[in-house]
Amino acid sequence: RATGSHILLLNNDVVVSHHWLDNLLNCLQDDDRIAAVGPLTNYVSGVQFQAADYRTIAEFHEFALLHNVSDKSRWFDTLRLVGFCLLIKRSIYEEIGALDERFGIGNYEDDDYSVRIRRSGYRLVVAGDTYIHHYGSITNKSDSSFEKLLQKNAQKFYDKWHIKPWYSLWSREDLANIVPHVERVLDVGCACGGFGLTLKNRGVPFVAGIEIDVNAAIDAKTVLDEVWIGDAATIVLPYEPGWFDAISFGDVIEHLIDPLGALRHLTRYVKKQGYIIASIPNIGHISVMHHLLSGRFPYQEAGILDKSHLRFFTLPEILLLFEQADLQVDFVGMTQDDESTSMEFDSLIKELLYVTERLGYHQTLPPLKEQFRTIQYYIRATKK
């Protein structure tokens, strides 16, 4: 029905404010390769989320007046744009086609469209200089079957692209926060390229990836400088030893048959003063203790007990692995439980701490209570 040179998809549960459309248009028209743009908001999954300190709609408009000042330096590329507010060039719409109606009333139709745009050679950009308010899922909150719809459409997305959206489309700002200023990074297990794209948005000039999943690698090639398909433990790269400044293993080491062999094989491509960055799930989390005490070890689609994990680590075992690979750890970070999970296991943690103290078990650092609360460890190391 639309007749203009641009098409805007806008949810019925958003409030727009000062300069929002002008800013989006400025971004969209800046480069012929930009196919679609979206704003920041208070309620959304992924990189378009940004918390804001307002409590009423009147306060939101005051906030937006200060935030929505056109500024190209706040634009950044993304793997996916969420459809709550999505501005598309009509020419792109005519080239790529309409939204895929197999997704019905919604969920994953925007992820699907994002893949189609990127694989056609175009860019998706978040206009970080634009903020709108999103109430979020107003249409679907009253629908008891919403969660089932979400899962059903996620499966439809996987059936179409053979990419796990809950697994391969994350941007990993958390891991990017411990990457120092470097020029060339190799991302091992790069998935669809989200982490590498985050690094490029932060100014890293060259990011390459290794990915064993062919379908995810196709997607990664749309945003990274180079992508090789193969096994991290044996792949031979077309570069001399020491060419990269850093290598990252974002939730990868636990998937490897021989983590030590893979580390030794790939770290030769890092320069002498280079970095190795990793995130590794903690098998010592209190939820795993709870399952073991119940006589269970229930594998899951994702998380600490991911059914595709081949190796399991506590912090001392992680540090031992890096020591054996001749790597010097200079930073250990952690992601811990949210408050609700902490409260759920409070009594169990107290009992376990009492038992370990009474039995005289050797205490490690960080304290056992901290280890029970830790979901994931972050490691940064250098070559010895």
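Any value given below was found using the heavy atoms of this structure, including those in side chains, with hydrogens, waters and symmetry copies removed.
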J.: Please list all pairs meeting salt bridge (charged side-chain N to carboxylate O under 4.0 Å, His left out) that have one or both residues in residues 34-58, counting only residues at least two apart or in different chains.
T.: R55-E59
J.: Quick test of your reading: applying side chain to side chain donor-acceptor pair (under 3.5 Å), list the pairs with at least one residue in residues 200-211, sequence neighbours left out, ordered by first then second residue.
T.: N177-R202, K200-D225
J.: For Y167 and D306, which I'm curious about, is there any donor-acceptor pair between the side chains at under 3.5 Å?
T.: yes
J.: Just do the ring pair (Phe, Tyr, Trp, His ring centres under 6.0 Å) check on H291 and F297 with the steps written out, would you?
T.: CA-CA 6 Å; H291 289 311; F297 197 79; 8.3 Å; no
J.: In residues 298-305, what donor-acceptor pairs under 3.5 Å come from side-chain atoms, sequence neighbours left out?
T.:
{"from": "E301", "atom 1": "OE2", "to": "K307", "atom 2": "NZ", "distance (Å)": "2.8"}

J.: Decide yes or no for L348 and L293: does some side-chain heavy atom of the first lie under 4.5 Å from some side-chain heavy atom of the second?
T.: yes
J.: Flag the pair L79 / V223 as yes when at least one side-chain heavy-atom distance between them is below 4.5 Å, and no otherwise.
T.: yes
J.: Please lay out, stage by stage, how F49 and Y43 fare under the test ring pair (Phe, Tyr, Trp, His ring centres under 6.0 Å).
T.: CA-CA 6 Å; F49 171 77; Y43 187 101; 8.7 Å; no
J.: Tell me whether D219 is salt-bridged to R119, with the criterion being a basic N under 4.0 Å from an acidic carboxylate O.
T.: yes
J.: With distance as the sole test, does D258 use its side chain to make a donor-acceptor pair with the main-chain N or O of G261 at under 3.5 Å?
T.: yes
J.: Between V37, V115, T78, which is the residue that forms a side chain to side chain contact (heavy atoms under 4.5 Å, CB included) with L124?
T.: T78
J.: Quick one: does Y377's side chain get under 4.5 Å of P281's, heavy atoms only?
T.: no
J.: Start with the C-alpha gap between D337 and H285, add the side-chain angles, then the distance that decides, and say whether side chain to side chain donor-acceptor pair (under 3.5 Å) holds.
T.: CA-CA 9 Å; D337 285 326; H285 185 259; 2.8 Å; yes
J.: Are side-chain heavy atoms of K383 and I276 found at a separation under 4.5 Å?
T.: yes
J.: Excluding sequence neighbours, so at least two apart, what forms side chain to side chain donor-acceptor pair (under 3.5 Å) with W161?
T.: D112
J.: Decide, yes or no, whether a salt bridge links R373 with D346 under the criterion of side-chain N to carboxylate O below 4.0 Å.
T.: yes
J.: Does any pair with a residue in residues 272-282 pass side chain to side chain donor-acceptor pair (under 3.5 Å), and if so which ones, sequence neighbours excluded?
T.: R172-S279, D251-S279
J.: What residues form a side chain to side chain donor-acceptor pair (under 3.5 Å) with R123, not counting sequence neighbours?
T.: D31, D77
J.: Could you state the interatomic distance from CG (L9) to CG (L81), rounded to the nearest 0.5 Å?
T.: 11.0 Å
J.: Measure the CD1-CG distance between I117 and L86 for me, rounded to the nearest 0.5 Å.
T.: 6.5 Å
J.: Enter the distance from H61:NE2 to L66:CG here, rounded to the nearest 0.5 Å.
T.: 13.5 Å
J.: Test: salt bridge (charged side-chain N to carboxylate O under 4.0 Å, His left out). Region: residues 350-370. Which pairs qualify, not counting sequence neighbours?
T.: none
J.: Can you see whether R80 engages S45 through a side-chain donor-acceptor pair at a distance of less than 3.5 angstrom?
T.: yes
J.: Angle class for the F157/F103 ring planes (parallel below 30°, perpendicular above 60°, tilted otherwise)?
T.: tilted
J.: With rounding to the nearest 0.5 Å, note down the distance linking CG in L10 to CD1 in I7.
T.: 13.5 Å
J.: Partners of D159 by side chain to side chain donor-acceptor pair (under 3.5 Å), sequence neighbours excluded?
T.: Q155
J.: In chain order, what residues pass the ring pair (Phe, Tyr, Trp, His ring centres under 6.0 Å) check against Y54, with sequence neighbours excluded?
T.: F60, F63, H133
J.: Please table the atom pairs, donor to acceptor, closer than 3.5 Å between any side-chain atom in residues 312-332 and protein atoms at least two apart or in another chain.
T.:
{"from": "E323", "atom 1": "OE1", "to": "K384", "atom 2": "NZ", "distance (Å)": "3.1"}
{"from": "E323", "atom 1": "OE2", "to": "K384", "atom 2": "NZ", "distance (Å)": "2.8"}
{"from": "D330", "atom 1": "OD1", "to": "R380", "atom 2": "NE", "distance (Å)": "3.1"}

J.: Would you compute the distance between atom CG of L40 and atom NE2 of H134 and round it to the nearest 0.5 angstrom?
T.: 14.0 Å
J.: Is the ring pair F206/F244 parallel, tilted or perpendicular, if the boundaries are 30 and 60 degrees?
T.: tilted
J.: Walk me through it: do F84 and T41 pass the test side-chain contact (heavy atoms from CB on, under 4.5 Å)?
T.: CA-CA 10 Å; F84 71 98; T41 190; 3.5 Å; yes
J.: Using modelled atom types only, decide if a donor and an acceptor are shared between the side chain of Y354 and the backbone of I349 within a distance under 3.5 Å.
T.: no
J.: Determine whether D187 and I210 make a side-chain contact, defined as any pair of heavy atoms from C-beta on separated by less than 4.5 Å.
T.: no
J.: Using a cut-off of 6.0 Å, state whether more than 12 heavy atoms not belonging to I257 lie near its atom CD1.
T.: no
J.: For the residue pair L256 and R311, establish whether any side-chain heavy-atom pair is separated by less than 4.5 Å.
T.: no
J.: Angle class for the Y93/Y113 ring planes (parallel below 30°, perpendicular above 60°, tilted otherwise)?
T.: tilted
J.: Rounded to the nearest 0.5 Å, what's the gap from OH on Y158 to CH2 on W166? Could you check?
T.: 7.5 Å
J.: Hey, is the main chain of N42 close enough, under 3.5 Å, to the side chain of Y131 for a donor-acceptor pair?
T.: yes
J.: If you apply the rule side-chain contact (heavy atoms from CB on, under 4.5 Å), what do you find for Y378 with L175, and how did you get there?
T.: CA-CA 7 Å; Y378 299 93; L175 191 58; 4.0 Å; yes
J.: Determine whether H290 and F345 satisfy the following criterion, ring pair (Phe, Tyr, Trp, His ring centres under 6.0 Å), listing intermediate values before the conclusion.
T.: CA-CA 8 Å; H290 167 73; F345 292 114; 5.5 Å; yes
J.: I'd like to check P259 versus F249 (side-chain heavy atoms, cut-off strictly below 4.5 Å). Are they in contact?
T.: no
J.: Ignoring hydrogens and angles, state whether a donor on the side chain of H255 or S308 is under 3.5 Å from an acceptor on the partner side chain.
T.: yes
J.: Quick one: does D213's side chain have a donor or acceptor within less than 3.5 Å of a partner on A191's backbone?
T.: no
J.: Please identify each residue that fulfils side chain to side chain donor-acceptor pair (under 3.5 Å) with R102, with sequence neighbours left out.
T.: D100
J.: Could you note down all residue pairs passing salt bridge (charged side-chain N to carboxylate O under 4.0 Å, His left out) where residues 234-246 supplies at least one of them, sequence neighbours left out?
T.: D245-K271
J.: D174 versus Q376: any side-chain heavy-atom pair under 4.5 Å?
T.: yes
J.: When you measure from the side chain of R184 to the backbone N and O of V207, does any donor-acceptor pair fall under 3.5 Å?
T.: no
